[in-house]
Visitor: 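Okay, handing you the structure first.
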Amino acid sequence: MEKYNPQEIEKKWQKYWADYPELFEADEKPEKAKFYCLDMFPYPSGDGLHVGHVEGYTASDIYSRYQRMNGKNILHPIGWDAFGLPAENFAIKSGVQPAESTQKNIKTFTEQIKSLGLSYDWSREIDTSSPEYYKWTQWFFLFLHENGLAYRKYAKVNWCESCKTVLANEQVEDGVCERCKNEVIQKDMEQWFFKITDFAEDLIKDLDKLDWPESTKTAQKNWIGKSEGAVIKFKVQSEKLKVVGDYFLETFTTRLDTIYGCTYCVVAPEHKVLEETRNEIENIEEIDKYINQAKKKTDLQRTDLQKEKTGVEIKGMKAVNPFTKEEVPIFVADYVLSTYGTGAVMAVPAHDERDFEFAKKYNLPIKNVILPKKLLEIPRNMEDIAAGAKTELRVESECFTCDGELINSGKYSNLASEKAREEMAKWLEKNNLGGKKITYKLRDWLISRQRYWGAPIPVIYCKNCSTLELSSRVVPIPENDLPVLLPEVKDYRPKGTSPLETNPSFVNVKCPKCGGSAKRETDTMDTFVCSSWYFFRFADPGNKKEFAAKEKIKKWLPVDLYIGGKEHTVLHLLYSRFFTKALHKFGYIDFDEPFTKLRHQGIVLAEDGRKMSKSLGNVINPDEIVEKYGADVLRLYEMFMGPLEDSKAWNTKSIIGLKRFLERVWRLKSQIPADAKALAGKQNPKLNSFLHKTIKKVTEDIENLRFNTAISAMMMLVNEMEKENNIPITNYQLLITILAPFAPHIAEEIWSSLGHKNSVFLEKWPEHDIELIKDEEITIIVQINGKMRDQLKLAAGAGEEDVKKMALESGKVKKYVEGKNIRKIIFVKDRLINFVI
RNA sequence: GCCGAUGUGGUGAAACUGGCAAACACGCACGACUCAAAAUCGUGUGCCGCAAGGUUUGUGGGUUCGACUCCCACCAUCGGCACCA
């Protein structure tokens with residue numbers, strides 16, 4: 001028999017699959033149940049495929065191949081998330097056009113993916129940088145704009161000085177740019193936003209109905225950051241005039257119950273009160289100086305927790321606490337964020353750490369109004385109580401932020417925090433001084449980018465059609481004129497404004513509304529816009545009239561299983577959910593969540609346990625592994641490493657075990673007797689039973705994406721088969737069938753060598769035979785006080801009395817039981833008997 | 001600080017609903033084949049002990065006849081969020 005030669009047979013079968021693409025193409029016929037199994041499509045970088053890609057793609061490939069054999073109608077597509085910064089940066093460095101380098105990278109990725117034997121439906125391949133695709137990205141922009149979900153706003157935005165572009169909040173990590181790790185500063189600019197905040201509540205609420213990892217759901221919840229509190233209106237009183245009309249300062253709090261402890265208010269440096277009451281402010285110069293200093297700081301500097309808090313009192317006015325009618329000073333301080341809540345807070349130093357810190361520094365009064373539960377529980381002697389211990393607890397050196405019982409709070413005293421919040425909110429509402437309010441941390445999605453390699457934003461600005469209002473100056477490109485093609489430019493270098501500006505024939509256009517001369521928007525869209533809807537396009541990739549036909553969406557969507565990295569927890573996954581919810585709201589689709597079930601593949605670390613990186617020189621190139629061991633071995637190795645979702649370190653030494661496994665499978669063929677037909681059937685009950693148990697185990701494990709244990713079950717079967725001199729061909733064929741999704745090339749090769757004309761993937765997935773897996777003889781564990789002391793081999797189904805009798809006859813058991821009183825016997829049928837003495 | 005996850009041999013790990021801890025592999029040791037080596041096959045391999053036996057799932061406690069699994073407290077590592085009022 002010839003040796004197992006993966007390099008040879010893998011090429012052969014890859015060619016075969018390419019010649020018969022219908023094997024893995026999605027079937028449009030309606031009879032079968034559909035299954036949409038999707039990988040997060042890759043960004044085709046110049047570095048090629050990473051072993052991390054291989055892990056996720058192999059998992060989804062096994063699952064798809066299995067479901068296909070199981071009779072499901074599979075949609076398992078692949079495409080390219082091709083727009084984006086790196087291609088442009090590469091262009092700047094090398095002088096190669098981004099379009100050109102991207103196509104080259106796509107070619108490399110395609111070859112690599114094919115060399116892994118992944119069963120994609122290549123007829124549905126998409127490329128987000130192709131006009132056929134981004135036409136519809138632009139259509140989505142217009143759709144959102146038309147429905148009031150895309151708007152232009154002059155605002156403080158994140159700006160990366162190195163990438164020379166604005167960024168979304170989600171793309172700023174710890175104050176630095178997610179891409180280049182340079183510091184992000186804040187700039188005031190007019191930009192395009194998508195109104196994702198409109199869906200904040202649904203984006204939180206609907207997480208409950210998704211089969212997603214808990215950690216991902218919580219991460220999204222944290223990001224959206226819902227908090228339930230109240231708005232309180234403080235009347236602002238000028239000391240000079242004694243009235244500022246009916247001017248109110250709105251503050252947001254989650255601790256309304258502490259309102260009686262409010263000793264001052266704080267506004268953010270950007271707060272409008274500073275503009276609107278400018279004339280009343282006595283120390284306006286000092287205030288202006290502080291504001292200017294604050295504006296110079298980046299968010300990173302302003303949110304530095306280590307740093308001491310700073311602020312300036314606004315002299316000349318006071319805020320009136322609506323509950324106590326007390327007048328309290330107002331401060332401006334940059335520890336209050338302008339973008340959250342109302343940009344102003346009531347300060348309760350006794351029950352908020354930040355206010356406490358600030359109050360200590362500026363010597364402001366600290367008034368305790370909550371008796372924490374934990375202090376209530378401390379027993380006190382009668383003397384203390386007589387001396388009024390409760391009120392003695394106004395500890396001025398400590399700050400209690402937990403809930404408790406109200407004190408010094410007028411008619412609300414003695415109420416529990418929770419109850420007090422309810423009552424106080426009611427009072428505010430009744431008196432029109434505020435009331436309950438929910439706020440979210442989520443901000444609208446800034447989608448403009450001052451960069452070249454992206455989909456142009458499809459709008460025109462027309463002076464003729466202009467009014468003073470910004471939004472009406474915008475003239476959307478009519479749908480019929482899409483796509484707005486990305487023009488060629490000579491210089492891509494980011495310079496702070498879009499490189500598209502340098503192409504006059506692109507910029508200067510006729511207004512589609514009035515025909516007058518107008519200017520085109522030159523910014524491009526964030527690449528995450530392209531990837532927020534790609535899973536719809538796979539349902540109908542060639543459609544020229546719609547982003548996807550309604551009936552095709554109905555047929556394939558939503559995605560049944562989505563596999564990809566954790567890094568997209570709050571970016572791609574949140575944006576895609578937003579797009580889906582917008583489509584749903586405006587009647588395009590009848591579901592409101594895109595990905596029913598989501599799983600992440602863990603990070604594949606380098607052998608040293610660190611992250612793989614070019615600079616550390618510890619990157620494993622999958623091509624080299626394929627060349628040395630074969631794609632089947634690489635696939636098996638990555639699946640065998642451990643649970644899919646765990647991060648795990650690469651270990652080249654261990655690969656050999658999977659190679660050995662496949663070689664043994666290969667060699668087993670020689671143990672099939674020449675006269676195979678005579679042996680066919682169920683003439684080896686022991687092996688048959690083992691085989692059917694393995695089928696059951698492998699099936700269950702694939703269903704639960706536990707590929708590591710599925711492989712070990714097959715290894716055990718092979719170990720068992722090796723002991724047999726004559727392996728029935730039917731048994732061997734079943735082994736090959738269940739191995740096929742994992743190691744498709746070797747499976748096809750062996751399958752055809754057994755005389756089959758058709759691909760093994762046209763076989764039906766085997767079902768285990770319940771009769772065959774029933775054990776006739778079983779092992780019962782004999783325990784004494786819960787410790788295993790002996791084992792009994794018995795026929796299945798033995799009763800307690802028989803087992804007890806047998807167990808007590810055993811010498812090992814006698815030793816422990818003799819002369820002792822058996823107090824209790826625990827008997828679990830077919831499992832164990834435990835004597836308690 | 002808040003939220004989430006993880007912690008088991010020399011290594012990757014398994015034990016799914018509380019019932020034989022360490023399956024399956026890697027590595028290692030010894031043996032067979034060989035002039036020799038590789039490959040392959042066989043045996044052994046948590047720790048202590050010559051053995052009988054004892055002991056072991058991050059630590060400490062609890063529930064239970066019985067705990068890797070459930071509960072409480074703590075420690076460590078990783079990930080997300082974080083001056084969000």
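Just so you know, these numbers use all the heavy atoms, side chains as well, and skip hydrogens, waters and symmetry mates. Residue numbers begin at 1 in each chain, while the letters A, B, ... track the order of the sequences. Predicted, not measured: the structure shown is a model, and the values here were computed from it.
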Visitor: Could you check how far CG of N222(A) sits from P of A5(B), rounded to whole Å?
Guide: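 Atom CG in N222(A) sits about 12 Å away from atom P in A5(B).
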Visitor: In whole Å, I'd like the distance from the CE atom of M788(A) to the P atom of A67(B).
Guide: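 These atoms are roughly 15 Å apart.
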Visitor: Going by the rule ring-ring contact (aromatic ring centres under 6.0 Å, His included), which residues pair with Y340(A) if we only count those two or more places apart in sequence or in a different chain?
Guide: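 Not a single residue meets the ring-ring contact (aromatic ring centres under 6.0 Å, His included) criterion with Y340(A).
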Visitor: For RNA chain B, find the residues of residues 563-573 of chain A with a heavy-atom distance under 4.0 Å and give them by number; none if there aren't any.
Guide: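 Listed by number, there are none.
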Visitor: For the pair made of CD in E607(A) and P in C26(B), what is the distance, rounded to whole Å?
Guide: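 My rounded result for the distance is 16 Å.
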Visitor: Encode nucleotides 9-19 of chain B as B, S and - characters from 5' to 3', where the letter depends on protein heavy atoms closer than 4.0 Å: B to the base, S only to sugar-phosphate, - to neither.
Guide: ---BSS-B--B
Visitor: Tell me: CZ of R789(A) to C1' of U55(B), nearest whole Å?
Guide: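 Rounded to whole Å, this separation is 12 Å.
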Visitor: What residues, two or more places apart in sequence or in another chain, satisfy ring-ring contact (aromatic ring centres under 6.0 Å, His included) together with F252(A)?
Guide: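 If we apply the ring-ring contact (aromatic ring centres under 6.0 Å, His included) test to F252(A), skipping adjacent residues, there are no hits.
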Visitor: Could you state the atom-to-atom distance from CG of L636(A) to C1' of C24(B) in whole Å?
Guide: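 Those two atoms, CG and C1', are 13 Å apart.
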Visitor: RNA chain B: stems of at least 3 consecutive Watson-Crick or G-U pairs, cut-off 3.5 Å?
Guide: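 Expected stems, ordered by start: B:1-7 with B:75-81, B:10-12 with B:24-26, B:27-32 with B:40-45, B:46-48 with B:53-55, B:58-62 with B:70-74.
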Visitor: Checking contacts here: which listed nucleotide (C65(B), C83(B), C81(B)) is nearest the side-chain heavy atoms of W223(A)?
Guide: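 Looking only at heavy atoms from C-beta outward on W223(A), the closest nucleotide is C81(B).
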Visitor: Can the positive tip of K309(A) be found less than 6.0 Å from the middle of the six-membered ring of Y335(A), inside 45° of the ring normal?
Guide: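 Yes, cation above the ring, under 6.0 Å and within 45°.
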Visitor: For the base of C3(B), is there a side-chain donor-acceptor partner from K221(A) under 3.5 Å away?
Guide: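 Side chain to base: no pair below 3.5 Å.
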Visitor: Is the shortest side-chain N/O distance from K824(A) to OP1 or OP2 of C65(B) below 4.0 Å?
Guide: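 Indeed, a polar side-chain atom of K824(A) lies that close.
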Visitor: Detail all sub-3.5 Å separations between protein N/O atoms and N/O atoms belonging to nucleotides 38-43 of chain B.
Guide:
residue, atom, partner, partner atom, Å
U40(B), OP1, R660(A), NE, 3.4

Visitor: Rounded to whole Å, how long is the line connecting atom NZ of K217(A) with atom P of A5(B)?
Guide: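 Rounded to whole Å, this separation is 12 Å.
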